[in-house]
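One structure is given below, encoded as structure tokens.
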Amino acid sequence: MTDQFSKKSEAWSARFSEPVSDLVKRYTASVFFDNRLAQVDIQGSLAHAEMLAHQGIISAADYAEIQRGMAQIKGEIEAGQFEWLLDLEDVHLNIEKRLTELVGDAGKRLHTGRSRNDQVATDIRLYMRGAVDDILGLLRELRIALLDLAEQHSDTILPGFTHMQVAQPITFGHHVLAYVEMFGRDAERMADARKRINRLPLGAAALAGTTFPIDRLRVAKTLGFDDVCRNSLDAVSDRDFAIEFCAAAALVMTHISRMSEELVISMSPRVGFIDIADRFCTGSSIMPQKKNPDVPELARGKTGRVNGHLISLLTLMKGQPLAYNKDNQEDKEPLFDTVDTLTDTLRIFADMARGISVKPDAMRAAALQGYATATDLADYLVKKGLPFRDAHEAVAHAVRTCVDKGCDLADLSLDELRAFSSLIGADVFDVLTLEGSVAARDHIGGTAPNQVRAAIAHIRNELK
Ligand code: ARG
């Protein structure tokens, strides 16, 4: 080929009198990170070409040539044989140039009625749709692993904390289900973001639409989009769908980070409620006794970078006038890193959840300290007719006596307990036990073992 396009390195260079410097070339190029969009770029191009042929804008022969060329390019990329050129700026121009090398004029007709502006917006949406589907699958796996853990420990009792102080006895199953709920809402948010991701920008062209008789709904259908973006200016410029995804991702990581913090504390020898499998921990190069919870710590740390990416994208978008601006090229690295970080983290956590071993004796011993059943004693007095505030005060006196004596409420004799309220009878010892305490919280959302089992069944049914 001896035409202008193939001689010049840039698709747009005919208008310019001097080439850009190497530094500017490197500064403006995106090919070394946006080449991960190659497969979706080809998918989008093929759908566009099919529509062009169907509408008679290009010939059937040209479409066949484009298909042939793209099949070869796909193979070259998969085999790692495709040569990505910085001179060709981005993934789109690299692929288009190679297509033209392979099939000639048909390749040059592909870009009819299209711009890189609607092309890149389409690629990102296709890529993100796939990423969201993967993430939804991983959230589901993690939730199932946690449900299994909760089921094994519906009856295991440990202290529940507020302000990191022993508050009331709870079941470990109930504790784990709190995370199942968090990750469930995360999945809802991802699924909701997917609805707005899954709309087709292609056809918006550079910004105003195109003069060719295109069929956008046809392309949307081919690519599995639920709808087309309804305004061409908006279609090429806004990245709110990516920001929404990053916000949802930041919340997933926030939940992961909370869980990580709990894993770190709970496996500390000072607490010793759980252990995690060795494959998620490392030793110390100097202290032979150490088993460090590296994976939860790193996940807690990586939450920072995902939160940072959300702020990057919000800041990237906030000052942009309509329509497309090159600023938007900066959406990719934060987005890709968010997808990578979240995907790897969820994959590891789903596995790690199955590597958690629970130490019920340590949990129980801790629940027996700290007057965890004091509220139960107050509730007992209320049920005998005492107003709650008076009951609270009577139990506070009892706790103070226990603190002075260095014993638990259940260690006091009936006579000693009756000194705080004459309403106390021999049945009081039922409510002072850990089992009695958790079993009594027997309503939807409560910690009673049978409620935990019911909640597990409910969620398993939803996950079917
Ligand atoms: N590489 C660009 C991006 O990621 C593609 C769109 C370029 N369009 C343009 N008119 N420069 O946003």
Side-chain angles (χ1 to χ4, degrees), residues 133-161 169-191 251-267 271-281 291 293-296 298-300 342-364 366-367 434-435 438-439 441-442 444-464:
D133 288 343
D134 289 347
I135 288 163
L136 284 171
L138 291 169
L139 280 169
R140 184 190 152 85
E141 260 179 58
L142 174 58
R143 293 181 83 210
I144 290 171
L146 291 174
L147 282 175
D148 292 346
L149 181 65
E151 192 149 54
Q152 287 158 31
H153 293 284
S154 323
D155 296 284
T156 305
I157 294 176
L158 81 165
F161 297 88
I170 56 171
T171 47
F172 186 59
H174 193 56
H175 191 103
V176 172
L177 284 184
Y179 286 96
V180 177
E181 290 291 315
M182 293 179 228
F183 295 125
R185 290 194 300 281
D186 288 332
E188 282 176 29
R189 266 185 288 274
M190 284 288 171
L251 278 168
V252 181
M253 287 303 291
T254 297
H255 293 148
I256 286 279
S257 184
R258 294 184 70 191
M259 182 173 159
S260 298
E261 174 71 2
E262 292 215 49
L263 289 170
V264 171
I265 293 173
S266 307
M267 74 170 274
V271 177
F273 286 176
I274 61 157
D275 205 359
I276 56 179
D278 285 358
R279 65 182 183 279
F280 304 104
C281 301
K291 174 177 166 182
D294 286 38
V295 167
L298 255 181
R300 197 174 55 190
L342 188 55
T343 306
D344 286 351
T345 303
L346 288 174
R347 195 165 285 142
I348 290 176
F349 269 63
D351 186 18
M352 194 164 63
R354 300 207 176 272
I356 293 176
S357 52
V358 176
K359 299 177 177 170
D361 293 346
M363 289 181 172
R364 187 175 183 85
L434 298 177
E435 281 71 18
V438 294
R441 285 161 174 81
D442 189 11
I444 296 172
T447 195
N450 57 311
Q451 290 295 340
V452 170
R453 281 185 276 270
I456 293 168
H458 182 82
I459 299 166
R460 283 204 201 281
N461 194 44
E462 277 179 359
L463 283 173
K464 260 183 202 154

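This chain uses plain numbering: 1 for the first residue, then up along the sequence. When reading the values below, keep in mind they use all heavy atoms of this one structure, side chains included, and skip hydrogens, waters and symmetry mates.
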Between CZ of Arg189 and CG of Leu139, what distance do you get to the nearest 0.5 Å? 10.5 Å
Atom CD of Glu141 and atom CG of Leu136: how far apart are they, to the nearest 0.5 Å? 12.0 Å
Is the count of non-hydrogen atoms from other residues, nucleotides or ligands lying under 6.0 Å from Arg258 atom CZ greater than 12? no
Please work out which of the three classes, parallel, tilted or perpendicular, describes the rings of Tyr179 and His175, given edges at 30° and 60°. tilted
Correct closest heavy-atom pair for Ala350 and Ala145 would be O-CB, 3.7 Å
Work out which heavy atom in Gly446 is nearest to a heavy atom in His174; give both atom names and the distance. O-CE1, 3.1 Å
Side-chain touch Phe172/Leu149, heavy atoms, less than 4.5 angstrom: yes
For Met363 and Ile274, work out which heavy atoms get closest and say how close. CE-CG2, 4.1 Å
Is the shortest heavy-atom distance from the side chain of Val264 to the side chain of Pro293 under 4.5 Å? yes
Taking atom CG of Leu138 and atom CZ of Arg143, what is their separation to the nearest 0.5 Å? 13.5 Å
Quick one: does Lys464's side chain have a donor or acceptor within less than 3.5 Å of a partner on Ile459's backbone? no
Heavy-atom distance under 4.5 Å between the side chains of Asp186 and His255, does that happen here? yes
Under a 4.0 Å N-O cut-off, is there an ion pair linking Asp148 with Arg460? yes
Would a distance-only check, ignoring hydrogens and angles, find a side-chain to backbone donor-acceptor pair under 3.5 Å from Ser260 to Ile256? yes
Yes or no on side-chain contact (heavy atoms from CB on, under 4.5 Å) for Leu147 and Leu177, after CA distance, side-chain angles and deciding distance? CA-CA 7 Å; Leu147 282 175; Leu177 284 184; 3.7 Å; yes
State, yes or no, whether a side-chain contact exists between Ile144 and Arg140 at a heavy-atom distance under 4.5 Å. yes
So do the side chains of Ile348 and Phe280 get within less than 4.5 Å of each other, counting heavy atoms only? yes
Look up atom CG in Asp344 and atom CG in Leu298, then write down how far apart they are to the nearest 0.5 Å. 11.5 Å
Salt bridge (Lys or Arg N to Asp or Glu O under 4.0 Å) partners of Asp351, counting only residues at least two apart: Arg279
Pairing of Arg300 and Glu262 as salt bridge, 4.0 angstrom limit: no
Let's go through Val295 and Phe349 carefully: what are the C-alpha distance in whole Å and the side-chain angles of both, what is the deciding distance for side-chain contact (heavy atoms from CB on, under 4.5 Å) to 0.1 Å, and is it a yes or a no? CA-CA 9 Å; Val295 167; Phe349 269 63; 4.2 Å; yes
So Pro296 and Ile276, do their side chains get closer than 4.5 Å, heavy atoms only? yes
What is the minimum heavy-atom distance between Met267 and Asp275, and which atoms define it? CE-OD1, 3.9 Å
For the backbone of Glu151 and the side chain of Ser154, can you confirm whether one donor and one acceptor N or O come within less than 3.5 Å of each other? yes
Can you tell whether the side chains of Arg347 and Asp134 come within less than 4.0 Å, N to carboxylate O? no
Taking the basic N atoms (NZ, or NE/NH1/NH2) and the acidic carboxylate oxygens, is any pair closer than 4.0 Å for Asp361 and Arg364? no
Any side-chain heavy-atom pair from Leu342 and Met190 closer than 4.5 angstrom? yes
How far apart are the closest heavy atoms of Pro449 and Thr171, and which atoms are they? CG-CG2, 4.0 Å
Heavy-atom distance under 4.5 Å between the side chains of Pro169 and Leu158, does that happen here? no
Using atom types as modelled and distance alone, determine if a side-chain donor or acceptor of Thr447 lies under 3.5 Å from a backbone N or O of Ile170. no
Can you name the nearest heavy-atom pair linking Ala353 to Leu146, along with the distance? CB-CD2, 3.9 Å
